[in-house]
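One-based numbering, in listed order, for ligands and for the atoms of each.
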Amino acid sequence: MKAIVLEQVEGQTQATIKQADLPAAAAGEVLVDVAWSSLNYKDALAITGKGKIIRNFPMVPGIDFAGVVKHSNDARYTAGQEVVLTGWGVGENHWGGLAEQAQVKSDWLVPLPAGMSSRSAMIIGTAGLTAMLCVMALEDAGITPESGEVVVTGASGGVGSTAVALLHALGYKVAAVTGRESTHDYLLKLGASRIMPRSEFAETRPLEKQIWAGVIDTVGGNVLAKVLAQTNYSGCVAACGLAGGFDLPTTVMPFILRNVRLQGVDSVNAPFARRTAAWARLANDLPESFYQTATTEIALEDAPKVAADFLNNAIQGRTLVKIR
Ligand code: NDP
């Protein structure tokens, strides 16, 4: 099969497009012909070697894929069935989706939701699934469109873009925090009602004026500290990312004086029931316009170059990778 193969050469990660043979199948694994994959922030860290994502080389990256089952020993999956995979360490410590085929545990797969194409599933990808899990976290905390304004940070990235589009479609008033003026029109088109420059989130006091009923934060660091201090009494902050750093320079004040909930969101090990619920919601709630507005389609051969652009904050929306 054709694949991106990552190898270590003199301590540096090297990404090459080449023919590779899948490792021997383990019990309970399903062979999938991959149709589409995507690039996420974590893929960019893995492919460029800028993050310690991969420990065993050679490795095929790609933390998500969608395609058709070629061969299965598990009765739940049959040849010809369309499936989607995100997370579980695929593309990190198990050969991933940036290849013509993938062989994964059947428990890691999700049947493609009714009415969704495999292309749409990879426009959503890990980033979009995470955005949906964040929206569900706000709902679980009782945040409704009537509760007030919701803010999304890192708004023009993959998670952020999907979160803005989903929240808008669900009737929320959405503010978008972005570091780039060039993305303003794009974010308004996705459904943001106002844009706030990231530079306004550099410093914070322990408590600030209450503005947000809910927050979806993809950035961490000072930005997360500031939105926590601005969250309304009994509001909820769903934190899923670290594009701006993994630290959190905050105080306990929002929690003990304003009853604020800080809800972590992980998509990698999300249980099957939560995943399938999120995919069903995505099939239903994400407007058709999102797919046109947020997608850049590239070929497998372009993935290493585009991965570098991610870490220069030069990517907008979702990057779809056509495999076959
Ligand atoms: P993208 O690269 O697509 O988007 C990240 C966005 O963050 C950028 O578009 C930019 O938005 C903003 N940003 C970039 N650099 C900085 C910086 N130095 N300081 C502040 N903001 C910055 O990544 P994804 O959307 O794929 O992922 C976003 C984050 O979520 C990543 O940290 C990723 O690891 C994490 N993630 C977590 C998951 C989980 O399961 N918990 C799953 C998927 C992603 P703008 O230009 O608009 O400011």
Hey, are Thr130 and Ser267 close enough side-chain-wise for a donor-acceptor pair under 3.5 Å?
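Their side chains do contain a donor-acceptor pair, which is all the 3.5 Å distance test asks for.
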Is the closest basic N to carboxylate O distance between Arg119 and Glu297 below 4.0 Å?
yes
Please tabulate protein-ligand N/O pairs under 3.5 Å for ligand 1, atom names and distances to 0.1 Å.
residue  : atom   : partner : partner atom : Å
ligand 1 : 3 (O)  : Gly158  : N            : 2.9
ligand 1 : 9 (O)  : Gly157  : N            : 3.3
ligand 1 : 9 (O)  : Arg180  : NH2          : 3.3
ligand 1 : 13 (N) : Arg198  : NH2          : 3.4
ligand 1 : 21 (N) : Arg198  : NE           : 3.2
ligand 1 : 21 (N) : Arg198  : NH2          : 3.4
ligand 1 : 25 (O) : Gly158  : N            : 3.0
ligand 1 : 25 (O) : Val159  : N            : 2.8
ligand 1 : 26 (O) : Tyr41   : N            : 3.3
ligand 1 : 32 (O) : Leu242  : N            : 2.9
ligand 1 : 32 (O) : Ala243  : N            : 3.2
ligand 1 : 40 (O) : Ser267  : N            : 2.7
ligand 1 : 40 (O) : Ser267  : OG           : 2.8
ligand 1 : 41 (N) : Cys240  : O            : 3.0
ligand 1 : 41 (N) : Val265  : O            : 2.9
ligand 1 : 46 (O) : Ser156  : OG           : 3.3
ligand 1 : 46 (O) : Arg180  : NE           : 2.8
ligand 1 : 46 (O) : Arg180  : NH2          : 3.3
ligand 1 : 46 (O) : Asn313  : OD1          : 3.4
ligand 1 : 46 (O) : Asn313  : ND2          : 3.4
ligand 1 : 47 (O) : Ser156  : N            : 3.1
ligand 1 : 47 (O) : Ser156  : OG           : 2.5
ligand 1 : 47 (O) : Thr178  : OG1          : 2.6
ligand 1 : 48 (O) : Gly179  : N            : 2.7
ligand 1 : 48 (O) : Arg198  : NH2          : 2.8

Any donor-acceptor pair under 3.5 Å from [X] side chain to [Y] backbone:
{"X": "Thr16", "Y": "Lys18", "value": "no"}
{"X": "Ser117", "Y": "Ser120", "value": "yes"}
{"X": "Glu208", "Y": "Arg205", "value": "yes"}

Not counting sequence neighbours, which residues clear side chain to side chain donor-acceptor pair (under 3.5 Å) with Arg258? List them please.
none
